[in-house]
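The structure under discussion appears below in the form of structure tokens.
Computed from heavy atoms alone, side chains included, the values below leave out hydrogens, waters and symmetry copies. Lettering follows sequence order; numbering is per chain, from 1.
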Protein chains: 2
Amino acid sequence: MNRPLHERIRQDFETRILAGALAPGERLPTEQALMAHYDCARMTVNKALSALATAGLVDRRKKAGTFVARPRVHSMAMDIPDLGAQVAERGQAYRFDLALRREMHAATGRAQAPMEWKVDGSVPLLELEGIHFADGAPFALEHRFVNLTAVPEILDADFTGSSPGTWLLEHVPWTEADARITATGAGATEARLLAVEPGAPCLCVERKTWRGSEPITYVRQLFVAGAYELTAHFGPGARRDT
Amino acid sequence: MNRPLHERIRQDFETRILAGALAPGERLPTEQALMAHYDCARMTVNKALSALATAGLVDRRKKAGTFVARPRVHSMAMDIPDLGAQVAERGQAYRFDLALRREMHAATGRAQAPMEWKVDGSVPLLELEGIHFADGAPFALEHRFVNLTAVPEILDADFTGSSPGTWLLEHVPWTEADARITATGAGATEARLLAVEPGAPCLCVERKTWRGSEPITYVRQLFVAGAYELTAHFGPGARRDT
DNA sequence: TCGTTTTTAATGTATAGACAAAATAGCGAA
DNA sequence: TTCGCTATTTTGTCTATACATTAAAAACGA
């Protein structure tokens, strides 16, 4: 009972909501009623209910009151860990082989189309292509474009062995990102590089990132089926506080 | 300037942190300093900084102060929307065909193994299998187990036309979930049901959900490559509040 | 010098009150 | 009836203050 009071109030209702004792749409007591019930100040009750509101468990409307929120959007936190670190964690040897490194402009080549990236044609880009190896066996293909206006220092980086993703993760924080996950069959060239049959199923992850409104990088990663999986988790572990 | 003050303070620092003006590990001013700077009460500053703390942007330690948090895990919010709603949104006709409906126990059949689900063998389960159609063409296969102890009402539900996922989303809020996303080739039976070649690449989404510590459901969805994609987004748009 | 105790600076929690804002409810007039 | 105004309820924000808690830093003693 030595936990903070606002925390106790919050948890009281969280428990009841999650257990279904309070149905979605149901109204919960007013702050006045609760401050009488818990014998505390309104600010304390307010803090508890506000926390529930920002957590999305309840909706609060002036004059109307506080209501249990409808089941929220089905969204989960997905981890996209650093490939090198993940391979190393499994006790395998990691290597990245750079296959292509080219400075270019967005207007040049076929960069604009596959990216669907809103960069001006005059923006200087660094195009990188390479293969990720685990214990000597290729397991992923990576094709990346980096905005040199935003990240000029990447020209001095060395990618023989470590991947551009690792470098970017450590040097350029992003504030916004879009990802697209699909399954696809390996093309002829891709199959050869990954040492699989053409048409073999692959997991394709495409990701665009921005810092503010400035595009940073676009990457398309192709994983051999079975060699990689994405995991996502949603739950209390993802939003513990205090 | 008519936005609440605590919100303005919060955003001031959020902006500077995300822009990199405040480096990870860097200490930000004390509440005393900030209440002088913004000419307001300490509670107001406290509210702003506490919000940043629960959002994971800063760490707060007593006596030591408030510090910019180290770059957090590379995790993004992934939307796993309701299939029916999503198909309908694209202007296509949605249909779900139930192919199998069986009450069973966890110990029976091959339920335990594929689920890797920690349910006691005596737990009554409802096994469901069906196909999702868009404009008459099959695009996903679904195999699901539902814990009847947790959700007995599902026995009265009717799944001719609408999917179990939709029903569950509306009737049983979950509090915890794990997901696994892989690419795989279609098996013989699966290929026949989905009207594709055996071995054709498919996106496989497996998901387990709990309410509290009680298992609710396990589902494995197999999507024809190209017919479906998962998208994820991370950015300011994903966590707007107030 | 090293380990222990005390101080102190910072956040954490809570109070009581005030005013603002918004949305519902009710009432009155066209 | 319907439109529009007003009153009221409920949450939103903010203040000023108090005391608790914690951990770093300083003081102290062997």
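With rounding to whole Å, B/Leu49 atom CG is found 7 Å from C/dT11 atom P. Here the C1' atom of nucleotide C/dA23 and the CZ atom of A/Phe67 are 11 Å apart, to the nearest Å. Taking atom CG of B/Asp59 as the reference point, atom P of D/dA24 lies 13 Å away to the nearest angstrom. Straight-line distance from the CG atom of A/Asn46 to the P atom of C/dG17: 17 Å, rounded to whole Å. One atom, NZ of A/Lys47, and another, C1' of C/dA14, lie 9 Å apart when rounded to the nearest Å. The separation between B/Leu5 atom CG and C/dA20 atom P is 16 Å, rounded to whole Å.
Note that CZ of B/Arg10 is 11.0 Å distant from CG of B/Leu49, once rounded to the nearest 0.5 Å. In this structure, B/Leu125 CG and B/Leu148 CG are separated by 6.5 Å, a value rounded to the nearest 0.5 Å.
A/Asp12 pairs by the side chain to side chain donor-acceptor pair (under 3.5 Å) definition with A/Tyr38, not counting sequence neighbours. When the side chain to side chain donor-acceptor pair (under 3.5 Å) test is applied to A/Ser50, the partners found at least two apart in sequence or on another chain are A/Asn46.
The aromatic rings of A/Tyr94 and A/His132 sit tilted relative to each other, their planes meeting at an angle between 30° and 60°. Ring geometry, B/Phe159 versus B/Trp167: the interplanar angle exceeds 60°, so the pair is classed perpendicular (tilted spans 30 to 60°).
For the salt bridge (Lys or Arg N to Asp or Glu O under 4.0 Å) condition, the pairs that include at least one residue of residues 36-60 of chain B, sequence neighbours left out, are B/Glu31-B/Arg42, B/Glu31-B/Arg60.
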Please table the atom pairs, donor to acceptor, closer than 3.5 Å between any side-chain atom in residues 21-28 of chain B and protein atoms at least two apart or in another chain.
from: B/Glu26; atom 1: OE1; to: B/Ala23; atom 2: N; distance (Å): 3.0
from: B/Arg27; atom 1: NH1; to: B/Ala64; atom 2: O; distance (Å): 3.2
from: B/Arg27; atom 1: NH2; to: B/Ala64; atom 2: O; distance (Å): 3.4

Pairs under 3.5 angstrom, nitrogen or oxygen only, protein versus nucleotides 3-10 of chain D, please.
from: D/dT9; atom 1: O4'; to: A/Lys63; atom 2: NZ; distance (Å): 3.1
from: D/dT10; atom 1: O2; to: A/Lys63; atom 2: N; distance (Å): 3.1

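Within a heavy-atom distance below 4.0 Å of DNA chain C, the residues of residues 33-44 of chain B found are B/Arg42, B/Met43.
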